[in-house]
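Chain A is the first sequence line, chain B the second, and so forth, proteins listed ahead of strands; every chain is numbered from 1. Values below: every heavy atom of this structure, side chains too, minus hydrogens, waters and symmetry copies.
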Amino acid sequence: MKRTTYCGLVNESFLGQQVCLKGWVQKRRDLGNLIFIDLRDREGIVQLVFSQEFEPQALKIADQLRNEYVIEVSGIVVRRADEEINAKMKTGTIEVEAHQVNILSKAKTPPFYIENGIKVADDLRLKYRYLDLRRPEMQQAIILRSKILQAVHRYLDDQDFINIETPYLTKSTPEGARDYLVPSRVYPGHFYALPQSPQLFKQLLMGAGFDRYYQIARCFRDEDLRGDRQPEFTQIDLETSFLTAQEIQDLTEGLLKKVMQNVLGIEIKLPLPRITWDEAMNRFGSDKPDTRFGMELTDMAAAVKGVDFKVFQNVLQKGGQVKAIVVPNGADHYSRKEIEAKQDYLKRFGAKGLAWLKVTADGFSGPIAKFFKDQVAEIKAAAGAKVGDLILFVADTRKVVADALGYLRTNIAHELNLIDESKFNFLWVVDWPLFEYSEEFHRYIAAHHPFTMPNEEDIHLLDTDPHQAHAQSYDIVLNGYELGGGSIRIHRREIQEKMFKALGFTKERAESQFGFLLNAFDYGFPPHGGLAIGLDRFAMLLSGKDNIREVIAFPKNSKASEPLTNAPSTVSVKQLDELGLEVEDD
RNA sequence: GGUCCUAUGGUGUAGGGGUCUAUCACGCCUGCCUGUCACGCAGGAGAUCGCCGGUUCAAAUCCGGCUAGGACCGCCA
């Protein structure tokens, strides 16, 4: 029997026709000499009817069917009587009178029900991922991801980008994340590294004259996992020659617009909003602000100047900041105990305390309200607070204030449901610092990566005040997630060498690690730049999920293992021998 | 590397020293049922309470360790 159509696509245009369907038994409702089967495939569910009246033989087989059996069935599409219509089903006005049915595959009872919204431990879902992926919401998420890719391929092809693959077995580089290493059999003791990104290759492709490159590239980083981080993930990676940062951003906006149109049918307004990194940190306490709600950070230094509250005064004297966020109508939502719990949480960002005031009709309430009696109007005005609001203050260094209040801002917005989930707020964050200080290494490290071009007017700072320099880099942010980022790259040897020097590389080390890039710069290298978008995060956000596992067919669990195949696993001594490796016992 | 949380039939859970011979729902099995779609009705099976040790007359319950998982900090150019 050849399949006529998908279950979910049977509609009134098939009325009276014979169809052949193949799929999985979603549900059997056995009424004796009348049996209903919901049959499921990737497009949806349709109801089959088996009856003594029209085919006793088929009814007998239907009696044996159980959930998740794979069957093929042929029958006639008929309209349901009015009172039998199921308005909840896409195919609810019709059903298929089954005349012939074959069991293609029997099934054990699955460990969880194949339906949306199941409440099951993630590990069990991953162990039986092939069952989990049968669930309609998973199918939709994976299909949505595919649609994004389709739109990306079409758009970039239209824009004359060339799709080029770069190696997965490549060279370990010192900066950045921990590498996944692959031992070489041919050169014992030598290792390939899986790419953290195709960065250097795509730059070399610009040197090769391809002008516009893109790739759907798998990237590997051996760091701990988070809801939005997997050890292997996919980037929509692109690079162009001769374009300005603005032009690259324009191209990217066109790409995002196309994806939003094709995948969700949503029109986004271009150009996208754009703020500097400084502004993002000052207003939102984050380099990837969620702009779907307010509660911005306000500087309270001036307003609390005369307040006899030592904590604030000490911080201000030391050159620190006193900033606040206002929780609208927050006074009733948070008890003293709850606020103190948040204060405890903030310790992990280095915050020593969380000062708070509830705005009442006659001033402030709360344990420190007494210090602020004389500045009620001033503080209310500065914070933009009204009666019933809760004002939360953090006084500390700039970084601690931003981290702590930035966290509180999003945490509270989620708790109080202040976020319009239907919004897709794209935002460029531009003009990043070129370097950030690493406590671990006691030196400056690249904020983006070591190949990022400084602002022209900051190039001289590389020799004198590197931490003052800003970069020609840009991140695209969506709803508080770093969706992607890119930069104009360095394409001249002397600037790249200055950069390596500022990063604390010796000339020899720069030469041995990145000599091939520096050499390439000597042979006529075009100015270039590009960007990479995290496909997994993009798909996660467009499908309304809160973990990228939900849009990856076979992800790792939060301990970086994969319960389905049990990777990683030990290997035989023979395999290790061939690689010249030995595993130490603990 | 660190902090916190969780572990009870197939699944999700209740139970926080004796009443547990372990609750409920879904699922599963058998029978009945011709208009169900959360089908219904009647009956049934299914759990060494994650593992090891300790406290106690007595441990699913308290304590310690381990294992597995989850969230977060660090880490993620």
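- Classified by its glycosidic torsion, B:rG16 falls in the syn category, the angle being within 90° of 0.
- Ring centroid separation for the pair A:His467 and A:Tyr437 does not come in under the 6.0 Å cut-off.
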Taking N or O atoms only and anything under 3.5 Å, show me the protein contacts with nucleotides 41-49 of chain B, one pair per line.
none

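- Of the side-chain N and O atoms in A:Asn33, none sit less than 4.0 angstrom from OP1 or OP2 of B:rG35.
- Of the possible donor and acceptor atoms, none in the side chain of A:Lys171 sits under 3.5 Å from a partner among the backbone N and O of A:Ala193.
- Without hydrogens or angle criteria, A:Arg537 side chain to A:Asp228 main chain gives a donor-acceptor distance under 3.5 Å.
- B:rC51 and B:rG43 have their C1' atoms separated by 37 Å, given to the nearest Å.
- Side-chain contact check for A:Ile118 versus A:Arg135: some heavy-atom pair is nearer than 4.5 Å.
- Between A:Phe521 and A:His491, the distance from one ring center to the other does not fall under 6.0 angstrom.
- OP1 or OP2 of B:rC73 has not a single side-chain nitrogen or oxygen of A:Lys347 nearer than 4.0 Å.
- Rounding to whole angstrom units, CG of residue A:Asp30 and P of B:rC32 are separated by 10 Å.
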Each nucleotide N or O in nucleotides 67-71 of chain B that has a protein N or O under 3.5 Å away: list the pair and distance.
residue, atom, partner, partner atom, Å
B:rG69, OP1, A:Asn557, ND2, 3.3
B:rG70, OP1, A:Ser558, N, 2.9
B:rG70, OP1, A:Ser558, OG, 3.4
B:rG70, OP2, A:Ser558, N, 3.4
B:rG70, OP2, A:Ser558, OG, 2.3
B:rG70, O5', A:Ser558, OG, 3.1
B:rA71, OP2, A:Ser558, OG, 3.4

